[in-house]
Amino acid sequence: GGVWETPPPAAAAAGLPALPVGCTAETLRYLSDCLSLEAHALYPHTRRDAAAGLHLSRLLEEDGAGQVSGSGQVSGAVQLLALLGRCLFSPHEDASLVLAAARQLHALVQGAAGAGRAGPPGGIGTAASPPGGITPPSLCSRVAAAETPLLRLALGAAACKDEAQRMICEALAMASPNGEAAQALLRSAMSSLPSLETGCAGPSESRRAVGAALLAGFVTAQLAPPTGGAGAALPGGIDPAVRGEATSRLAALVEHRQPLVACAAVAAVGLIGAAGPLPLSDGPATEPDETA
């Protein structure tokens, strides 16, 4: 089960079989490959990874609010999303299952978010755009609606290891529907960042700190202004002060005594720097050392 699960009566009416845990990941890959091939045929001039996310979003939009048609059949798009949910939020806590689902979710959200921010098919860009003022694709809206259980994974659930944790963090950042939502997500991440004084007590706290640093980095990078402007709040309710505070805290964590946390902070600061100038002050002026 999961937040995107089909209602039990509808699933039964559609004749959906119960999949064994051992073959769920392969089933997910197969369905995702089918989606990708169909999307590439419909949008041949669009990158295949972007086309799949765009196509799934459009299928979900066609379904509208209802998950089941008048004939009682569950659409393929809804079934695929439900399978993603089963893999991510399975009570079995299977790391390989979570990783397979995280890879697929990341690829689909990346395609959907890129399509939503760049316009119609064929013009999908690769540069990150600020989330203010954008109508999010249906897939991104559903990912944003599942923020709470996805945050649990991103912030150190036992089954969410390294690569899966990073991909879920980035998917959450890309799915933010607007500046206000992105800033709320950023504050959630910052509330889980450790201090240099207290450190992390045990592996679970270290995983939580790593996830919080990566998520803060991805979201802060998403909030970068398109032209590097500063001053008043940017379009979409994006406040430069929030980006500055997040970047300062991440930069301080580079000196954390836990190597995993320090590396995550370095990666997060790198993400922000790749999106634009780092929103950091120059620091106090120092006199040159004349004895050197």
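All residue numbers in this chain count up from 1 along the given sequence.
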Novice: What pair of heavy atoms forms the shortest contact from Val261 to Ser206, and how long is it?
Specialist: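 Answer, listing the atom of Val261 first, then Ser206: CG2-O, 4.2 Å.
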Novice: Applying side-chain contact (heavy atoms from CB on, under 4.5 Å) to Arg166 and Phe218, what does each step give before you reach the verdict?
Specialist: CA-CA 9 Å; Arg166 182 184 178 92; Phe218 280 121; 4.0 Å; yes
Novice: Going hydrophobic residue to hydrophobic residue with side-chain gaps under 4.5 angstrom, can you get from Leu260 over to Met167?
Specialist: no
Novice: What about Val269 and Val266, same hydrophobic cluster or not, with Ile/Leu/Val/Met/Phe/Trp/Tyr joined at side-chain heavy-atom distances under 4.5 Å?
Specialist: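 No, Val269 and Val266 fall in different hydrophobic clusters.
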Novice: Quick one: are Leu28 and Leu80 in side-chain contact, heavy atoms under 4.5 Å?
Specialist: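 Touching, per the 4.5 Å side-chain cut-off.
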Novice: Hey, what do you get for CD (Glu26) to CG (Leu97), rounding to the nearest 0.5 Å?
Specialist: 10.5 Å
Novice: Closest approach of Arg207 and Gln165, non-hydrogen atoms and distance?
Specialist: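 Heavy atoms of Arg207 and Gln165 come nearest at O-NE2, 2.9 Å.
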Novice: With a 4.5 Å limit on heavy-atom distance, are the side chains of Leu59 and Glu62 in contact?
Specialist: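 Yes, their side chains come closer than 4.5 Å.
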Novice: How far does CG of Leu186 sit from CZ of Arg243, to the nearest 0.5 angstrom?
Specialist: 9.5 Å
Novice: CZ/Arg47 to CG/Leu54 distance, rounded to the nearest 0.5 angstrom?
Specialist: 11.0 Å
Novice: Tell me whether Leu83 is reachable from Tyr30 by hopping between hydrophobic residues (I, L, V, M, F, W, Y) whose side-chain heavy atoms are closer than 4.5 Å.
Specialist: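 Cluster IDs for Tyr30 and Leu83 match.
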Novice: Which residues satisfy the side chain to side chain donor-acceptor pair (under 3.5 Å) test with Arg208, sequence neighbours excluded?
Specialist: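 Arg208 satisfies side chain to side chain donor-acceptor pair (under 3.5 Å) with Ser192 only.
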Novice: Apply side-chain contact (heavy atoms from CB on, under 4.5 Å) to residues Leu250 and Leu193 and explain how you reach the verdict.
Specialist: CA-CA 8 Å; Leu250 289 168; Leu193 289 175; 4.3 Å; yes
Novice: CD of Gln183 to CD of Gln222: how many Å apart, nearest 0.5 Å?
Specialist: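 One gets 13.0 Å once the value is rounded to the nearest 0.5 Å.
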Novice: Identify the two heavy atoms, one from Ala154 and one from Cys169, that lie closest to each other, and give their separation to 0.1 Å.
Specialist: CB-SG, 3.8 Å
Novice: Nearest 0.5 Å, what's the CG-CD distance between Leu185 and Glu180?
Specialist: 13.5 Å
Novice: Please, which pairs that meet salt bridge (charged side-chain N to carboxylate O under 4.0 Å, His left out) have at least one residue in residues 102-113, sequence neighbours excluded?
Specialist: Arg103-Glu163
Novice: Give the C-alpha distance, both sets of side-chain angles, the deciding distance and a yes or no for side-chain contact (heavy atoms from CB on, under 4.5 Å) between Leu99 and Lys161.
Specialist: CA-CA 8 Å; Leu99 177 58; Lys161 311 292 186 184; over 6 Å; no
Novice: Which atom pair, heavy atoms only, marks the closest approach of Ala264 to Leu214?
Specialist: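 Looking at all heavy atoms of both residues, the closest pair is O-CD2, 4.2 Å.
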Novice: Could you go through His55 and His40, starting from their C-alpha distance and side-chain angles, then the distance that decides it, and tell me whether this counts as side-chain contact (heavy atoms from CB on, under 4.5 Å)?
Specialist: CA-CA 9 Å; His55 186 41; His40 184 61; over 6 Å; no
Novice: Got a sec: does the CG of Asp162 have more than 12 other heavy atoms crowding it under 6.0 Å?
Specialist: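 No, the 6.0 Å shell around CG holds no more than 12 heavy atoms from other groups.
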Novice: Can Ile168 be reached from Leu155 by stepping across I, L, V, M, F, W or Y side chains whose heavy atoms are under 4.5 Å apart?
Specialist: yes
Novice: Looking at Leu151 and Ser188, what are the two nearest heavy atoms and their distance?
Specialist: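 Scanning both residues, the minimum pair turns out to be CD1-CB, 4.4 Å.
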Novice: Would you indicate whether the side-chain heavy atoms of Leu81 and Leu139 approach each other to under 4.5 Å?
Specialist: yes
Novice: Using modelled atom types and a 3.5 Å cut-off, is there a donor and acceptor pairing between side-chain atoms of Ser248 and backbone atoms of Gly244?
Specialist: yes
Novice: If I compare all heavy atoms of Val254 with all of Ala265, which pair ends up nearest, and what's the gap?
Specialist: N-CB, 3.8 Å
Novice: Atom CZ of Arg29 and atom OG1 of Thr24: how far apart are they, to the nearest 0.5 Å?
Specialist: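 So the CZ of Arg29 and the OG1 of Thr24 are separated by 11.0 Å.
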Novice: Quick one, Glu61 with Arg58, criterion salt bridge (charged side-chain N to carboxylate O under 4.0 Å, His left out). Give me CA distance, side-chain angles, the key distance, then yes/no.
Specialist: CA-CA 5 Å; Glu61 286 167 6; Arg58 294 197 166 182; 5.3 Å; no
